[in-house]
Amino acid sequence: MKHSTNQQTRRGRGPARRIGRSLAFVLPVVLVLSGTLAVTRVNWSGSTSDPVLTAADTSTSAGTPRAAKRAPQDVLRDKLLTELQEENPGVALTHLQQAVNGRPSLAKHCVSIARALGEAAVRVYGPTRAQSYARPVCDTAFATGVAAAHS
C-alpha cells in the first residue's frame with residue numbers, strides 16, 4: 001500500500017511542478033518586456049507638448065531634429081577659450097587642470113584642449129607673450145600649441 005501512496009504523491013506534484021517551472025521561465029520574460037515597453041513610453045524630453053515620446057522618436061513635435069548634445073570636452077574647451085580671451089591663458093590652464101582633476105574622464109582630452117588653448121593664445125597675445133603662460137598642464141601640450149601656431 002505504501003508504494004501506491006508514493007506514486008499518487010509524485011503524480012500530484014507533477015502538474016504543479018510543470019506549471020511552476022513554466023512560470024519561472026515565462027514570468028521574467030514578461031516582466032522584462034513590459035518594463036522595456038514602459039520605458040519607451042515615458043516622456044524623457046521633459047516637454048509637455050508631446051505626452052508620449054517613444055525611444056525611436058528622433059524629432060520634436062515641430063518636426064525639426066533635436067540639437068545634438070555637446071560632449072563635455074567640447075563644452076569645457078569652449079568655456080576655457082572664452083576665459084583665455086576674457087582673462088588670460090594662465091587662468092584657463094588652471095581651470096583646465098582643475099577640471100581634469102575633478103573629472104578624470106576628461107584626461108584623455110586634456111592634450112587636445114591645452115593645444116587649442118596654446119594656438120588661441122598666440123592669436124590673442126602673440127607668440128612670445130603666449131609662451132610666457134606655458135606650464136606643465138597635460139604635459140607640454142599648451143607649449144606645443146603655441147609652437148604649432150607660431151610656425
Side-chain angles (χ1 to χ4, degrees), residues 1-121 123-124 133-149:
M1 281 300 215
K2 194 172 187 179
H3 181 62
S4 63
T5 308
N6 282 343
Q7 285 182 347
Q8 278 185 345
T9 307
R10 285 185 192 154
R11 275 191 230 138
R13 286 191 224 158
R17 183 170 285 172
R18 277 182 291 212
I19 291 171
R21 285 182 180 169
S22 297
L23 281 175
F25 175 73
V26 173
L27 191 59
V29 173
V30 170
L31 289 174
V32 167
L33 288 176
S34 64
T36 302
L37 291 173
V39 167
T40 61
R41 302 284 298 178
V42 171
N43 181 0
W44 296 104
S45 70
S47 67
T48 56
S49 63
D50 192 10
V52 176
L53 180 69
T54 61
D57 191 10
T58 58
S59 62
T60 60
S61 59
T64 59
R66 267 188 240 139
K69 191 172 183 178
R70 297 183 59 207
Q73 66 271 14
D74 296 335
V75 172
L76 176 62
R77 184 188 61 241
D78 292 348
K79 177 184 169 219
L80 294 174
L81 286 171
T82 302
E83 282 184 357
L84 182 138
Q85 292 176 351
E86 293 175 355
E87 301 277 335
N88 63 57
V91 172
L93 287 170
T94 299
H95 289 154
L96 173 60
Q97 187 65 58
Q98 290 171 348
V100 170
N101 290 345
R103 194 168 178 187
S105 64
L106 291 171
K108 61 185 172 189
H109 304 286
C110 186
V111 169
S112 65
I113 294 171
R115 188 172 294 141
L117 290 172
E119 292 169 359
R123 287 190 300 269
V124 175
Y133 289 103
R135 59 175 77 151
V137 175
C138 308
D139 294 323
T140 57
F142 179 82
T144 304
V146 169

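Side chains included, hydrogens not; waters and symmetry mates left out as well; all remaining heavy atoms used. Just so you know, these numbers come straight off a predicted model, no measurement behind them.
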Does the side chain of L96 reach to within under 4.5 Å of the side chain of C110, using non-hydrogen atoms? yes
Could you tell me if the side chain of L93 sits less than 4.5 Å from the side chain of Q97, heavy atoms only? no
Within this structure, what is the [atom1]-[atom2] distance for the pair [X] and [Y], rounded to the nearest 0.5 Å?
X	Y	atom1	atom2	result
I113	L76	CD1	CG	4.5 Å
H109	R77	NE2	CZ	10.5 Å
R123	L84	CZ	CG	9.0 Å

Check this for me: R135, atom CZ, are more than 12 non-hydrogen atoms of other residues, nucleotides or ligands nearer than 6.0 Å? yes
State which residue, out of E83, K79, E87, fulfils the side-chain hydrogen bond (donor to acceptor under 3.5 Å, both in side chains) condition with H95. E83
Taking all non-hydrogen atoms of both residues, which atom of [X] and which atom of [Y] are closest, and how far apart?
X	Y	answer
A141	V111	CB-O, 3.5 Å
A99	L106	O-CD1, 4.0 Å
A134	F142	CA-CD2, 3.6 Å
G145	E119	O-CG, 3.3 Å

